[in-house]
Structure formats: structure tokens, C-alpha cells
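Shown next, in C-alpha cells, is the structure this report addresses.
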Amino acid sequence: QAPAGGRRAASRAPGAHNICRLLTRRAHGFYARDAGVAHRKNLGLLRKIICQESTKFKNVWTTHSASPIAYERGRIYLDNYQCCISSIAQEPRILYQKPKCSKSEKIEDALLLECPLGEMLPSPSDYKSSLIVLTVQNWLLRLSADSGEILEKIYLAGGCCKFRYLSWDTPQEIMVVKSAQNKLPAAARQAGIQQSVLFYLAVFQVLPLSFIGMLEINKKIFGNSVTDVAVSNGILIIMHSMGLVRLYNFQAILEQFMEQPFDLGHEFNWNGQVGVVGKYPFGLPYNIKITDTPPLLFEASSLENAFQIGGYPWHYIITPNKKKHKGVFHICSLKDHALAKNGIQDMKCCSLEPDWIYFHPDMSGRIIHVGPNLIKVLKLKEVKNNTDQVEIAEDFTIVANRENCVNNTVTVTASGRVVKTRFNLLDDDPEQETFKIVDYEDELDLLSTVAVTQIGADGKAHLDFHCNEHGILLKSIPLLESWDVTYSHEVYFDKDLVLHIEQKPNRRFSCYVYQMVCDAAKDDECSSHEKTERAFCKKGGRIFEYI
């Protein structure tokens with residue numbers, strides 16, 4: 001029956017309720033066909049495949065180098081970034097090989113730059129991964145990550161300023177270029193000339209690469225005891241010789257003390273100099289001049305300036321500033337410096353290498369404390385009946401397998417004589433399984449550990465994957481190459497790839513590439529060098545060993 005007014009109310013079309021519900025869910029980020037949802041599902045499937053028993057990791061190829069080896073997102077860089085090899089293919093595939101560079105073109109540091117999502121960029125090349133590199137002659141170059149082609153070139157500064165380090169203030173957004181510590185020549189120091197400027201910082205926004213400003217870290221502003229400086233997450237961190245760490249608002253400093261903004265490639269007339277911003281020989285102007293000490297946000301004293309902030313609510317970790325407290329960590333509230341309940345963490349290790357502690361990179365607010373034979377994952381929680389106090393509680397632990405413990409203080413000889421040893425083995429004695437590396441694979445949500453046992457010259461290492469939520473062991477991968485605990489090692493776990501980079505004496509570097517193999521029939525090939533035939537090939541003047 002028609003309603004009053006003679007018009008019939010329109011009925012909803014079939015499925016209209018479902019469409020409204022879908023649009024609402026999509027507005028809140030829930031959409032079954034969204035690329036992000038599909039990507040997360042794929043990563044979930046990959047995690048299940050990696051952790052199943054039949055999946056193995058096979059050492060597919062190995063190479064050696066006389067210079068440091070670096071790894072970034074599926075690319076292996078050798079020869080001071082002059083050679084780039086894809087780690088994805090089962091056989092080594094050289095992406096580019098550039099001629100050997102001179103000492104004046106040597107690369108000091110590098111950062112991988114990836115395209116931001118959902119932004120319009122001025123150049124098609126901006127949508128592909130690139131490498132920001134800093135050369136010994138103060139050139140900042142943006143290179144194509146796949147071809148090595150120079151996409152952008154910026155000259156930083158001339159004179160005695162030597163830029164050496166690249167770091168992120170905000171990852172993939174704000175980049176900081178830091179100089180080496182500025183030191184006067186010996187003759188000038190002997191003449192009594194004082195050096196007040198310790199460091200220079202150049203700040204850039206990336207993609208598109210744009211200049212924000214250049215500033216000095218001056219003793220007259222921050223004090224005579226300044227030893228180092230860093231920038232992270234909008235905070236200027238000043239370290240002093242007595243272990244003092246002071247924090248300042250970096251963004252507020254840029255805004256307050258910037259005299260004039262400049263754009264790369266534009267002409268400028270600055271302090272009597274006329275040139276082009278970022279071009280040789282003028283470089284970048286010092287357009288941020290700190291004339292007064294900025295407001296102090298926070299300060300703390302810690303042994304060796306070790307200082308970390310994290311957790312929820314915000315806490316910080318320090319070691320009391322006395323050598324006798326080395327290996328003792330205090331977890332305190334950032335709000336009022338109050339020590340958390342159970343906030344003193346001390347493993348009481350007797351080892352050559354100290355234990356270490358840091359906030360979990362998974363943004364859960366947890367804390368990871370790593371000792372020679374024990375990994376403790378700690379969490380911050382409210383104390384019952386006292387919401388103002390926070391307690392440090394154990395979430396889970398991972399314990400090294402030390403069934404082969406050789407720490408016998410009493411032995412009996414063949415003749416029956418009892419011999420007592422006058423020393424105990426160290427907690428990180430090579431003959432006992434010891435944790436060397438702990439890392440987090442964010443895309444698969446796995447906690448990875450490398451544990452090593454070395455008896456004589458033969459060291460055995462294995463990479464284990466643990467559930468990040470509960471610490472349960474899900475997978476163990478033996479590394480086939482011998483592991484010498486006296487060498488420097490890096491292990492990368494990147495989805496279906498494991499990479500081991502080793503530095504031996506006399507600047508000899510080795511890179512071992514492992515890839516996931518799901519064929520159960522090839523299990524034996526993955527577990528022993530003796531059962532596989534290894535071949536050698538030469539590509540781009542480099543020798544590779546592969547199966």
C-alpha cells in the first residue's frame with residue numbers, strides 16, 4: 001500500500017546492505033582484495049612453508065672479496081659498491097659491474113632509498129629503488145639500485161669539512177649526513193689555536209631529494225666536553241665525555257635557527273659567495289646557525305654513553321656510569337626517571353663479550369636481553385593496585401643447548417688420582433653453544449638467533465627461527481661453512497633467503513648465499529658439502545662457487 005503523499009517508498013536493491021557494509025569496511029582499511037591484504041596473506045603462507053619440516057635452506061653459491069661486502073634488499077654489493085649481484089637467482093647474476101674507482105671516488109657510506117607509497121614524484125626514476133652514497137670527496141650521489149647509473153649528484157662542501165656518515169632521522173623521509181670530527185692540524189694545536197666546531201650536519205628530505213639545511217655542532221653552544229652527535233626520530237642527541245647524554249628537539253632547532261631556506265640547483269648569494277646550491281665548488285650554505293643553547297628535553301648519565309628509549313609507556317635503558325656496573329642495565333621511566341619494579345637487569349655473566357639489551361624492533365614495547373646462553377624477552381606491565389608504577393616481567397626465554405657442557409672442575413686420571421681445576425670456563429667459552437646474533441624478521445614476524453659451538457678450529461653454527469610471540473622454536477638451519485668465533489660475522493634472514501658475510505684476517509671477505517628449497521628429495525644435498533658437487537664459474541672477472 002502506498003504511503004501518504006501517494007509515493008511508494010523505494011525498496012533497497014538486492015545486496016545493498018552488503019555494499020554499504022563493504023564500503024564502510026573499505027573506508028576503515030578492511031578490503032579483501034586490497035594489495036596489502038593479499039601481501040600479508042602471502043607472507044603468512046611463506047612463513048608456514050619456511051617453518052615446515054620438509055623445507056630446507058641450500059647453500060646455492062659463494063663468493064669472496066678483498067673489500068667489504070654489503071647486503072641491501074636482495075642485492076649484494078662488492079668492490080666498494082662498484083659491483084652489484086642479485087641474491088634472488090640460484091646462480092649469481094651480476095646486475096652491474098662498474099670500472100674500479102680511484103681513491104678520490106671511494107664510497108664512505110650508503111643508504112638504500114625506496115619509493116614512498118601513494119605519492120606523486122617528479123621523475124619516473126624516483127619510483128624505483130636507489131642507493132644514496134657518500135664519497136670521500138664530499139659528493140652525495142643517488143644511484144639506480146639496479147644499474148648503478150648516477151641519477152642525482154650533489155656537492156656538499158669544500159675546505160676542511162669531511163663528511164663520512166649517512167643515517168636516517170626519519171626512515172625513508174629525512175636523511176642526515178654527518179662529518180668526521182673536525183680536528184685542527186698538529187701545528188695549529190701546538191700554537192694554542194682552539195677548535196670550537198666539532199661536527200657538521202647536512203639534512204635532506206628524500207624523494208624528491210631536497211635540501212633542508214646545514215648546521216654546526218659547536219663547543220661554545222653545547223659545551224667543551226662534547227664527543228659525538230647523532231640525530232634520530234626528530235631528536236638531536238649530544239654525547240659528552242663523562243657519559244652524559246643530552247637530548248634536544250631537532251625539528252624545533254631547524255625552525256628556530258634557520259636563516260634562509262635554499263633549493264638544490266638554484267643560484268644563491270650568501271655571505272659574499274655566489275654559486276649554485278649543491279654544485280661544485282660552492283656546495284651547500286650553512287643556513288642554520290645555532291646562536292644559543294636550545295631548550296633541553298632530557299639528560300641522563302650512562303656508561304659509554306649507552307642510551308635507548310622505547311616501550312609503552314616511554315622508558316629508557318642505561319648502565320650506571322661506573323665501570324664496575326658494566327653489564328648492569330637500569331630500565332627507568334622517561335616521565336620521572338623512576339626505576340621500574342624489577343628494573344635492574346643483570347645476567348651476572350663471566351664472559352669475554354658482554355651481554356646486550358635493546359627494545360624489541362617489532363614496536364611491541366618489549367625488551368630483548370641477550371647473554372651468552374640465554375635470551376630473555378621482557379615486557380612492561382602495570383603493577384597491580386598501582387597504575388602509576390610499571391613492572392618488568394619476563395615474557396619468555398630462549399636457552400642455548402649446552403648438553404655438551406665441559407665445565408668439569410674435578411677429573412679422575414687413569415691411575416685414580418683426583419685433579420681439581422683452578423678455573424671455571426667462561427660463559428661464552430667457544431666449546432659451549434653461545435648466542436652470537438639475535439635479529440627480527442618483521443615481514444614474517446620471526447625472531448632469529450645464531451648459536452655457535454667451536455671445538456678446536458672447527459666451528460658449527462645454526463640459524464634458528466622462533467615464534468616472536470611465544471619464543472617457540474619453529475625451525476633450525478645449519479650453516480655448512482665453518483664458523484670461527486674470532487672473525488667478524490653478519491647473518492641476514494630476508495624472507496626465503498639467508499646470507500652469511502664473514503670477515504677474515506688480512507681483509508678477506510666471504511659471502512655464503514642460502515636459498516629455500518622445498519623438494520624433500522633434495523634434503524641430503526642441503527645438509528652436507530660432501531654429498532654435493534660444487535662448480536666454479538667466472539663472471540665479470542669474479543670467481544663464484546656454486547652447486
Side-chain angles (χ1 to χ4, degrees), residues 29-30 34-52 55 57 70-76 87-88 110-118 129-131 145 166-175 206-207 232-233 308-312 314-315 317 356-370 375-380 395-396 398 435-451 463-477 489-501 513-516:
F30 302 104
D34 184 79
V37 173
H39 185 60
R40 284 192 295 274
K41 285 185 177 180
N42 289 341
L43 290 174
L45 290 172
L46 179 59
R47 172 178 158 140
K48 289 180 180 179
I49 293 171
I50 286 174
C51 293
Q52 65 188 13
T55 301
F57 278 78
Y71 172 76
E72 289 285 357
R73 293 284 186 177
R75 302 175 185 88
I76 300 169
S87 62
I88 297 173
L111 286 177
L112 182 69
L113 189 56
E114 296 185 296
C115 169
L117 297 176
S129 296
S130 55
L131 203 64
L166 297 176
S167 63
W168 292 114
D169 172 15
T170 305
Q172 301 297 329
E173 292 183 21
I174 305 295
M175 178 182 67
V206 298
L207 285 181
S232 178
N233 294 292
Q308 302 176 64
I309 295 178
Y312 181 80
W314 291 105
H315 278 66
I317 303 174
W356 69 96
I357 193 169
Y358 58 99
F359 286 100
H360 200 312
D362 69 351
M363 305 303 290
S364 64
R366 294 181 296 174
I367 296 168
I368 299 178
H369 189 183
V370 185
I375 300 170
K376 295 168 67 175
V377 176
L378 310 169
K379 60 184 178 182
L380 286 72
D395 198 12
F396 62 82
I398 301 172
F435 291 118
K436 294 295 182 182
I437 298 173
V438 178
D439 203 358
Y440 173 63
E441 217 298 333
D442 58 343
E443 293 184 295
L444 300 180
D445 195 29
L446 290 173
L447 198 63
S448 64
T449 66
V450 176
L463 172 65
D464 292 347
F465 302 151
H466 296 264
C467 167
N468 183 49
E469 187 175 355
H470 303 294
I472 301 167
L473 178 63
L474 302 175
K475 187 79 175 177
S476 186
I477 301 169
H489 300 265
E490 294 176 324
V491 174
Y492 298 91
F493 168 43
D494 192 355
K495 295 198 267 302
D496 59 344
L497 172 80
V498 171
L499 199 87
H500 174 203
I501 297 175
V513 180
Y514 290 77
Q515 289 184 348
M516 185 177 72

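For this chain, numbers begin at 1 and follow the sequence in order. It should be emphasised that the depicted structure is a prediction, and the values quoted were computed from it without experimental measurement.
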Backbone of [Y] reached by a side-chain donor or acceptor of [X] within 3.5 Å:
X: T55; Y: I49; answer: yes
X: K475; Y: Q52; answer: yes
X: T449; Y: V438; answer: no
X: Q172; Y: L207; answer: no
X: D169; Y: N233; answer: yes

If the condition is side-chain contact (heavy atoms from CB on, under 4.5 Å), which residues does [X] pass it with, not counting sequence neighbours?
X: S364; result: H360, D362, R366
X: S476; result: H462, D464
X: S232; result: I237
X: K376; result: Q345, M347, H369, L374, L378, E394, T397

Exercise: identify the closest heavy-atom pair between I50 and M516
CG1-SD, 3.5 Å

The criterion is side chain to side chain donor-acceptor pair (under 3.5 Å); which residues satisfy it with [X], sequence neighbours excluded?
X: N42; result: none
X: H500; result: E481, H489
X: Y440; result: D445
X: E469; result: none

Heavy-atom distance under 4.5 Å between the side chains of [X] and [Y], does that happen here?
X: I367; Y: L380; answer: yes
X: I317; Y: Y358; answer: no
X: W168; Y: M175; answer: yes
X: D494; Y: L499; answer: no
X: L444; Y: F493; answer: yes
X: L131; Y: L113; answer: no
X: S129; Y: E72; answer: no
X: R47; Y: L474; answer: yes

Taking atom CD1 of I368 and atom CD1 of I375, what is their separation to the nearest 0.5 Å?
8.0 Å

State the CD1-CD1 distance between I398 and I472, to the nearest 0.5 angstrom.
10.5 Å

What do the steps show when you test I76 against V513 for side chain to side chain contact (heavy atoms under 4.5 Å, CB included), and what is the final call?
CA-CA 10 Å; I76 300 169; V513 180; 3.9 Å; yes

Result for side chain to side chain contact (heavy atoms under 4.5 Å, CB included) between L497 and one of Y492, Y514, Y71 points to Y71

Identify, with sequence neighbours excluded, every residue that meets ring-ring contact (aromatic ring centres under 6.0 Å, His included) alongside [X].
X: F359; result: none
X: F396; result: none
X: F435; result: none

Please enumerate all residues that pass salt bridge (charged side-chain N to carboxylate O under 4.0 Å, His left out) together with E443, with sequence neighbours excluded.
R73, K495

Assess whether atom CH2 of W314 is packed by more than 12 heavy atoms of other residues, nucleotides or ligands within 6.0 Å.
no

Under the side chain to side chain contact (heavy atoms under 4.5 Å, CB included) rule, what do K436 and V491 come out as? Steps first, then yes or no, please.
CA-CA 10 Å; K436 294 295 182 182; V491 174; over 6 Å; no

Would you please test V37 and R40 for side chain to side chain contact (heavy atoms under 4.5 Å, CB included) and show each step?
CA-CA 5 Å; V37 173; R40 284 192 295 274; 3.4 Å; yes

